[in-house]
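Quick notes on the structure that follows.
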Amino acid sequence: MDKVLKIGIIGCGAIGKDHCRRIIETVPGATVVAVSDYVAAAADETAAKYGIKSYGNDCDGMIKDPEVEAVVITSIDPTHHDYVMKTLAEEKWCFCEKPLSQNAKDCEEIIRREQEIGKRLVQVGFMRHYDRGYAEMKRIIASGELGKPLIIKACHRNVSQGPGFKTENGVTNVAIHELDICRWLLDDEYEDVQCVKVRQSSNSDKGYDNPQVMLMRTKKGCFIDVEVQVADGYGYDIQCEVVCENGTVKLPDPYAVVCRSRPAGWDSVKPAESMPIMTDWKERFIEAYDIEFCKWVESVHAGKLTGPSSWDGYVACVAGDALNASRGTSQFLKVETMEKPEMYK
Ligand code: NAP
């Protein structure tokens, strides 16, 4: 590929550093030319590692840099909307990590701005679309060979959360992936949703609900049950099973190899069959993130984005708002979106 897309990254935390490495070392046709972060030292450190420009904490200045053709937003959730709008003000390509925003109203503003520009410029980091397991599940469901999908049983379990995590972030930050992937898997839209508080785990007596169960009903009549645990005490565990009329499809475990053994030095323990469970999202979805970025860069070079759009980010937030509003009401609340603009059809 002759042309190289010059990218600036906002946010040099866990995923920002990982995407920086990914783009520089593995993605053809792209490189990172500048980084910035709320904490100047974090940007300086990443910039020094790769010999690129640090904008310190001047994230707005980096967006305006004429050398920066595309902006990757990997700062914390509450900052996404503002940085997307600033990138759109420059009419530059924008890859925004999930969530697009923390509420639907802010996403609407992004959608309106894209309409004014007349072109899709934003892709949202819903990387599960590029995961082999989910892609194969979608193919099987769409083929119709198992009949129509009836029920989805899913769970999203995390080891722990950072300071400041709130109950509603179980939806806006965590379940947002399921809100996106379920409608993508089913090629369906949400009718109504309800968030249910269930028996609480002692792993997380820190002022937020854990677990939470999120129930969604789709327009075609499918029922979805997502268990969200944000402090499960053991690992990063993502599961999904779709029950269809004539069979089921299930997300495969990420480790394909099963070990049958007796643990060394444990003669009194019965031999067992085991498969490790990952603890880190970076490792679990590494291939999906790589493909996601390769495809994004390819589509930017082609001048037409193909990955998850602002519309996808918006719909997930509309459902998320309804889930958060439903908590404690024992009621399903309608998921009502604006009319889908032509650009996203
Ligand atoms: P993180 O480690 O906390 O990194 C976020 C970085 O942004 C930190 O360096 C933080 O600085 C910085 N920051 C805070 N406020 C900022 C501001 N106003 N302007 C610029 N930078 C600011 O978090 P992370 O795990 O990398 O997550 C970053 C984003 O990626 C989140 O939105 C998250 O939802 C998303 N994410 C997506 C996936 C996925 O599966 N697609 C996985 C992980 C994360 P401080 O340390 O000072 O706050």
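Both ligands and their constituent atoms are indexed starting at 1 by order of listing. Basis for what follows: all heavy atoms, side chains included, without hydrogens, waters or symmetry-related copies.
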Where is the nearest protein heavy atom to [atom]: which residue, which atom, and how far?
| atom | value |
| --- | --- |
| atom 4 (O) of ligand 1 | G13 CA, 3.2 Å |
| atom 31 (C) of ligand 1 | D77 OD1, 3.2 Å |
| atom 11 (O) of ligand 1 | D37 OD1, 3.4 Å |

Is there a heavy atom of [X] sitting under 4.0 angstrom from any atom of ligand 1?
| X | value |
| --- | --- |
| H80 | yes |
| Y83 | yes |
| G125 | yes |
| F126 | no |

Could you please spell out the steps behind the side-chain contact (heavy atoms from CB on, under 4.5 Å) verdict for C59 and Y83?
CA-CA 8 Å; C59 304; Y83 287 134; 3.5 Å; yes

Can you check whether G61's main-chain N or O pairs, donor with acceptor, with D58's side chain at less than 3.5 Å?
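Between the backbone of G61 and the side chain of D58 there is a qualifying donor-acceptor contact (under 3.5 Å).
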
Should you measure from each heavy atom of [X], which atoms of ligand 1 turn up under 4.0 Å away?
| X | value |
| --- | --- |
| V39 | 47 (O) |
| E97 | 30 (O), 35 (C), 37 (C), 38 (C), 39 (C), 41 (N) |
| C59 | 20 (C) |
| H177 | 39 (C), 40 (O), 41 (N) |

Using the benzene-type ring in the case of Trp, are the ring centres of Y289 and H19 under 6.0 Å apart?
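When the ring centroids of Y289 and H19 are compared, they turn out to be within the sub-6.0 Å range.
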
Ring center gap for F293 and F95 short of 6.0 angstrom:
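When the ring centroids of F293 and F95 are compared, they turn out to be within the sub-6.0 Å range.
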
With backbone taken as N, CA, C and O and side chain as the heavy atoms from C-beta onward, which portion of N173 lies under 4.0 Å from ligand 1: side chain, backbone, both, or neither?
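Just the side chain.
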
Please determine which of R327, K197, E168 meets the side-chain hydrogen bond (donor to acceptor under 3.5 Å, both in side chains) test together with Q212.
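That would be R327.
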
Would I15 count as being in polar contact with ligand 1, using the rule that some N or O on each side must be under 3.5 angstrom apart?
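Indeed, backbone or side chain, I15 has an N or O that close.
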
Regarding ligand 1, does T74 bring an N or O atom to under 3.5 Å of one of the ligand's N or O atoms?
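Between T74 and ligand 1 (N or O atoms, distance only) the closest approach is not under 3.5 Å.
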
Set of ring pair (Phe, Tyr, Trp, His ring centres under 6.0 Å) partners for F126, sequence neighbours left out
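For F126 there are no ring pair (Phe, Tyr, Trp, His ring centres under 6.0 Å) partners, ignoring immediate neighbours.
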
Looking at [atom], would you say a protein heavy atom lies below 4.0 Å from it?
| atom | result |
| --- | --- |
| atom 34 (O) of ligand 1 | yes |
| atom 41 (N) of ligand 1 | yes |
| atom 23 (O) of ligand 1 | no |

Approximate separation, where rounding is to 0.5 Å, of M216 CE and L186 CG:
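Result: 9.5 Å between the selected atoms.
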
Of the listed options I176, T79, I76, T172, closest to atom 14 (C) of ligand 1 (non-hydrogen atoms):
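Comparing heavy atoms across I176, T79, I76, T172, the nearest one to atom 14 (C) of ligand 1 lies in I76.
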
Atom NZ of K250 with >12 non-hydrogen neighbours under 6.0 angstrom:
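At most 12 heavy atoms, drawn from other residues, nucleotides or ligands, come within 6.0 Å of this atom.
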
